[in-house]
Amino acid sequence: MNTIDPSVQRREPWNKGKLTGQKAPLRLRDIWAIRIHLQLARNIRDLALFDLAIDSKLRACDLVKLRVRDVGSADHISSRTIVLQQKTRRPVQFEITAPTRDAISAWIKQAQLQSNAFLFPSRIRNSDHLSTRQYARIVNAWIEGIGLDVAAYGTHTMRRTKATLIYRRTKNLRAVQLLLGHTKLESTVRYLGIEVEDALEIAEQTEV
């Protein structure tokens with residue numbers, strides 16, 4: 001007769017008590033709260049990193065590897081740029097808004113970064129640029145700094161935020177697909193995770 005190991009019976013699932021699934025995007029008021037928090041702290045690097053993360057909609061692995069030359073120079077930051085995605089090996093374009101350009105320029109000047117330098121160098125001796133783990137800790141500090149639950153947000157929050165706002169305003173999935181660099185529209189639909197809500201809104205507005 002087979003017996004069950006008591007230790008196996010007592011083992012708890014790895015995700016017990018944890019939030020899983022997609023991380024929530026930031027709301028507009030959250031974006032401004034983080035910006036103001038960083039401005040008051042005079043944290044020039046984090047302000048540039050935060051603003052660029054929102055504008056670029058890049059994955060963490062691509063964001064941390066940006067070089068100064070990818071966005072311009074201290075004297076002139078481009079309003080648009082293009083980078084090659086590590087995951088898909090496909091190019092993706094993104095806009096750099098005026099406030100973000102100002103924040104990046106201020107950071108480049110303060111850090112005295114050269115054209116070929118990584119835009120966000122690591123403070124750890126054996127690393128050339130911020131790691132995705134370091135970036136994740138920085139994001140958690142932003143979230144915690146404005147009183148939100150860090151378990152509900154993460155690095156993908158930065159990628160999803162502007163894409164979600166654009167979709168909610170325009171309902172243009174194809175535009176969001178291009179901005180996120182997705183190869184399939186179905187990936188964008190799943191990534192936004194709001195198609196059911198949209199369907200219900202349409203149904204509620206349809207009289208029969």
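Along the sequence shown, residues are numbered consecutively beginning with 1.
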4.5 Å side-chain heavy-atom contact, V176 and N172: no
L165 vs R27 side-chain heavy atoms within contact, under 4.5 Å: no
Nearest heavy atoms of Q177 and T183, plus distance in Å: NE2-O, 3.5 Å
Smallest separation among heavy atoms of Y135 and A60, with atom names: CD2-CB, 3.6 Å
Basic-acidic side-chain contact under 4.0 Å: R137, E144: no
Rounded distance [0.5 Å steps], CZ in R35 versus CG in D30: 12.0 Å
Heavy atoms from other residues, nucleotides or ligands near CZ of R133 exceed 12 (cutoff 6.0 Å): no
Distance, nearest 0.5 Å, that separates CD of Q110 from CD1 of I108: 11.5 Å
Rounded distance (nearest 0.5 Å) linking atom CD of Q86 with atom CG of L63: 12.0 Å
Any V139 side-chain heavy atom under 4.5 Å of Y153 side chain: no
For P91 against I82, the heavy-atom pair lying closest together: CB-CD1, 3.7 Å
Donor-acceptor pair, side chain of T161 and main chain of L26, under 3.5 angstrom: yes
ILVMFWY cluster, L185 and Y167 together (side-chain gap under 4.5 Å): yes
pair L52-F120: side-chain heavy atoms closer than 4.5 Å: yes
More than 12 heavy atoms from other groups under 6.0 Å of CD on Q39: yes
Closest heavy-atom pair and its distance - I104, V71: CG2-CG2, 4.1 Å
Side chain R160, main chain K23, donor-acceptor under 3.5 Å: yes
Side chain to side chain donor-acceptor pair (under 3.5 Å) pairs, two or more places apart, involving residues 73-85: R59-Q85, Q85-T88
Shortest non-hydrogen contact from V64 toward F118: O-CD2, 4.4 Å
Nearest-0.5 Å distance that lies between atom NZ in K65 and atom NE2 in H129: 5.5 Å
Nearest-0.5 Å distance, CG of residue L130 to CD1 of residue I138: 4.5 Å
Closest non-hydrogen atom pair, A103 against L47: CB-CG, 4.2 Å
L66 reachable from L180 in the ILVMFWY side-chain graph, under 4.5 Å edges: no
L28 with L38, same ILVMFWY side-chain cluster at under 4.5 Å: yes
Intermediate values then yes/no, side chain to side chain contact (heavy atoms under 4.5 Å, CB included), K162 and I166: CA-CA 6 Å; K162 196 166 185 178; I166 291 169; 4.0 Å; yes
From R174 atom CZ to L179 atom CG, the distance as rounded to the nearest 0.5 Å: 10.5 Å
Main-chain N/O of N116 paired with R67 side-chain donor or acceptor, under 3.5 Å: yes
Same apolar cluster (I L V M F W Y, side chains within < 4.5 Å links), V150/I54: yes
Verify same cluster id: I143, L49 (apolar side-chain graph, 4.5 Å): yes
Aromatic W32 / basic R29 pairing, under 6.0 angstrom, 45° off normal: no
Stepwise side chain to side chain contact (heavy atoms under 4.5 Å, CB included) check, D46 with I34: CA-CA 10 Å; D46 277 22; I34 291 174; over 6 Å; no
Summary of side chain to side chain donor-acceptor pair (under 3.5 Å) pairs that have at least one residue in residues 100-109, sequence neighbours excluded: D55-T100, T97-T100
